[in-house]
*Asks:* 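Could you have a look at this structure, given as structure tokens, before my questions?
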Amino acid sequence: DKANYRHFMAKEIHEQPEVVGHTLARYVDMATERVTLPVKLPFDFKDIQRVSITACGTASYAGFIGRYWLERFARLPVELDVASEFRYREAPLRKGDLAIFISQSGETADTLAALRYAKAQGAHTLSVVNVPTSTIARESEIVLQTVAGPEIGVASTKAFTCQLMVLASLAVAAGRARGELSDADEAKLVHGLVEIPRLMSEALTIEPQIEKLARELSKSRDVLYLGRGTSYPLALEGALKLKEISYIHAEGYAAGELKHGPIALIDEHMPVVVIAPYDKVFEKTVSNMQEVAARGGKIILMTDAKGAAEATIQSLVTIVMPDMGAAFAPIVYAVPVQLLAYHTAVVMGTDVDQPRNLAKSVTVE
Ligand code: F6R
């Protein structure tokens with residue numbers, strides 16, 4: 001049931017601090033500040049030479065962020081593909097490679113086919129799934145469950161952030177096993193993970209501001225989302241969320257790609273959502289924002305207090321997020337991104353929980 005919420009999607013967005021916390025509790029030992037996977041892996045991360053990550057839609061964007069973490073913390077090369085491409089492109093996996101699949105439902109036809117392909121190639125198969133009795137869970141060698149609880153809204157929200165929590169934990173565990181992270185590094189990262197539920201609760205308090213902003217956004221025909229680093233896949237997710245529930249055309253781009261084409265679209269009618277926590281690449285993103293502002297583009301900047309102080313651009317709106325370490329920012333920044341899509345759809349009067357033409361579980365290709 002929807003509790004006191006108007007839509008399942010709103011309820012599920014608000015449940016995130018709790019279910020991300022449950023997921024965290026399954027993967028992290030708070031007392032020792034270490035990541036402890038709930039299953040014993042049938043391989044040593046030291047022996048893994050390559051990882052592939054495969055999923056569809058929102059789950060693939062979780063995988064995209066997971067790739068940054070696995071590469072950074074564990075120095076593991078990661079290939080990433082959407083399942084509909086992976087299953088037919090004849091990717092040369094080697095025996096002993098690690099193939100990761102991400103799926104809320106565990107029934108997505110393309111992801112399941114990709115899993116079977118990887119298995120046939122002799123790869124280790126590890127799935128991040130929300131439904132433990134699902135086909136993908138049953139057919140995988142290793143299952144890491146997201147503890148999001150049932151997700152009813154067609155647009156994935158809490159499953160996405162729980163997938164990120166699992167992938168972050170996995171990347172830290174891999175970094176430890178490969179000797180890329182010290183005890184102190186791990187403790188610092190785990191500390192960052194433990195903070196996330198509280199930071200998500202704080203981010204939810206920004207809702208009234210986002211609701212107001214959504215009234216503006218609902219007047220647009222097109223919206224551009226920009227981000228760098230781990231904010232780039234989140235920009236893709238933001239654009240997907242907006243288009244699937246509000247039917248406003250949106251695109252996500254790597255901020256650095258702006259001048260390679262999409263900048264031609266910028267004018268006063270094109271709002272640009274910039275996701276930019278104050279991190280190593282912040283200054284670069286600011287210069288991309290300057291390019292947008294110089295062409296009359298309206299900017300919606302999602303950043304923290306430091307970022308807001310540094311970005312001296314006249315932006316339409318700045319959404320000031322709580323201060324946090326940069327490593328896991330996308331888990332927290334997912335909240336305003338989801339809220340913006342949700343409230344825009346509510347203003348548009350669409351069927352938020354059951355958007356047209358979409359199914360919760362895509363069991364045909
Ligand atoms: C978007 C959305 C879809 C799913 C995709 C994969 O909000 O929900 O893009 O993420 O269909 O579904 P699962 O995770 O069930 O494999």
Side-chain angles (χ1 to χ4, degrees), residues 7-13 15-16 19 23 53-66 80-87 99-116 118 125-140 143-167 225 233-248 250-252 330 334-335 337-342 344-345 350-365:
H7 300 99
F8 280 108
M9 186 178 177
K11 175 175 174 256
E12 289 162 2
I13 289 172
E15 269 170 6
Q16 291 179 111
V19 296
T23 304
I53 301 182
T54 309
C56 299
T58 290
S60 79
Y61 299 140
F64 200 162
I65 294 170
L80 176 96
D81 215 335
V82 290
S84 54
E85 287 302 315
F86 179 85
R87 64 180 289 195
I100 299 178
F101 302 88
I102 307 166
S103 176
Q104 186 284 128
S105 63
E107 302 296 347
T108 302
D110 282 321
T111 309
L112 176 59
L115 164 69
R116 289 177 177 160
T125 56
L126 181 157
S127 295
V128 178
V129 288
N130 196 42
V131 181
T133 53
S134 63
T135 314
I136 289 175
R138 279 200 314 270
E139 294 196 16
S140 302
V143 179
L144 298 181
Q145 204 201 327
T146 47
V147 199
E151 193 180 61
I152 312 293
V154 162
S156 186
T157 53
K158 61 176 181 169
F160 174 69
T161 46
C162 288
Q163 286 159 355
L164 290 176
M165 188 47 102
V166 173
L167 292 166
Y225 284 74
L234 190 59
L236 298 174
E237 167 62 3
L240 174 63
K241 214 92 296 174
L242 187 72
K243 63 189 145 192
E244 73 178 324
I245 59 171
S246 76
Y247 316 144
I248 293 173
E251 282 189 78
V335 172
V337 164
Q338 295 163 348
L339 286 172
L340 187 59
Y342 171 74
T344 305
T350 59
D351 188 347
V352 174
D353 284 334
Q354 291 280 313
R356 66 184 183 203
N357 311 338
L358 286 171
K360 183 64 185 159
S361 181
V362 185
T363 53
V364 290
E365 64 174 301

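Ligands are counted one by one from 1 in listed order, and the atoms in each one are counted from 1 as well. Every value quoted in this text rests on a predicted model; they were computed, and no experiment measured them. In this chain, residues are counted from 1 in sequence order. What you see below is based on every heavy atom in this structure, not just the backbone, and it leaves out hydrogens, waters and symmetry mates.
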*Asks:* Side-chain contact test, heavy atoms from C-beta onward, threshold under 4.5 Å: evaluate it for Thr157 versus Glu151 and give yes or no.
*Replies:* yes
*Asks:* Write out the residue and atom name of the closest protein heavy atom to atom 2 (C) of ligand 1, then the distance separating them to 0.1 Å.
*Replies:* Thr58 OG1, 3.8 Å
*Asks:* Indicate yes or no: at least one non-hydrogen side-chain atom of Leu340 is less than 4.5 angstrom from one of Leu242.
*Replies:* no
*Asks:* Is ligand 1 under 4.0 Å from a heavy atom in the side chain of Glu107, in the backbone, in both, or in neither?
*Replies:* neither
*Asks:* Are any side-chain N or O atoms of Asp353 and backbone N or O atoms of His7, one a donor and one an acceptor, separated by less than 3.5 Å?
*Replies:* no
*Asks:* Backbone N or O of Ala148 within a donor-acceptor pair of the Lys158 side chain at under 3.5 Å?
*Replies:* yes
*Asks:* Would you mind checking which non-hydrogen protein atom is closest to atom 7 (O) of ligand 1, with the distance to 0.1 Å?
*Replies:* Glu244 OE2, 2.5 Å
*Asks:* May I ask you to identify, for Lys360, whether its side chain, its backbone, both or neither come under 4.0 Å of ligand 1 on a heavy-atom basis?
*Replies:* neither
*Asks:* Compute the minimum heavy-atom distance from Val154 to ligand 1 and say whether it is under 4.0 Å.
*Replies:* yes
*Asks:* How far is atom 14 (O) of ligand 1 from its nearest protein heavy atom, and which residue and atom is that?
*Replies:* Gln104 N, 2.6 Å
*Asks:* May I ask you to list the atoms of ligand 1 that are less than 4.0 angstrom from any heavy atom of Ala59?
*Replies:* 10 (O), 14 (O)
*Asks:* Can you list the ligand 1 atoms lying under 4.0 Å from a non-hydrogen atom of Ser103?
*Replies:* 13 (P), 14 (O), 15 (O), 16 (O)
*Asks:* With Arg87 as reference, evaluate Thr54, Asp81, Thr111, Asp110 under the side-chain hydrogen bond (donor to acceptor under 3.5 Å, both in side chains) test and give the passing residue.
*Replies:* Asp110
*Asks:* Within the structure provided, determine whether Pro132 and Val143 are in side-chain contact (heavy-atom separation under 4.5 Å).
*Replies:* no
*Asks:* Is the closest side-chain donor-acceptor distance between Gln104 and Ser156 under 3.5 Å?
*Replies:* no
*Asks:* Can you pull out the closest protein heavy atom to atom 12 (O) of ligand 1? Residue, atom name and distance to 0.1 Å, please.
*Replies:* Thr108 OG1, 3.5 Å
*Asks:* Under the criterion side-chain contact (heavy atoms from CB on, under 4.5 Å), which of Thr58, Thr344, Leu236 is the partner of Lys241?
*Replies:* Thr58
*Asks:* Does Thr111 approach ligand 1 within less than 4.0 angstrom via side chain, backbone, both or neither, non-hydrogen atoms only?
*Replies:* neither
*Asks:* Report yes if the side chains of Glu12 and Gln338 come closer than 4.5 Å at any heavy-atom pair, otherwise no.
*Replies:* no
*Asks:* For Gly57, take its heavy atoms, then give the atoms of ligand 1 lying under 4.0 Å from any of them.
*Replies:* 9 (O)
*Asks:* Return a yes/no value for Gly106: is any of its N or O atoms, backbone included, closer than 3.5 angstrom to an N or O of ligand 1?
*Replies:* no
*Asks:* Quick one: look up the protein heavy atom nearest atom 11 (O) of ligand 1 and list residue, atom name and how far away it is.
*Replies:* Val362 CG2, 4.2 Å
*Asks:* Does Cys56 have a heavy atom less than 4.0 Å from any atom of ligand 1?
*Replies:* yes
*Asks:* I need the atoms of ligand 1 closer than 4.0 Å to a non-hydrogen atom of Lys241, numbered in the order shown.
*Replies:* 1 (C), 7 (O)
*Asks:* Counting only N and O atoms by type, is there a donor-acceptor contact under 3.5 Å from the side chain of Tyr342 to the main-chain atoms of Ile13?
*Replies:* no
*Asks:* Note the single closest protein heavy atom to atom 15 (O) of ligand 1, along with its residue, its atom name and the distance in Å.
*Replies:* Ser105 OG, 2.6 Å
*Asks:* Could you say whether the N/O atoms of Gln163 and ligand 1 ever approach to under 3.5 Å?
*Replies:* no
*Asks:* Is the closest side-chain heavy-atom distance between Phe160 and Leu234 below 4.5 Å?
*Replies:* yes
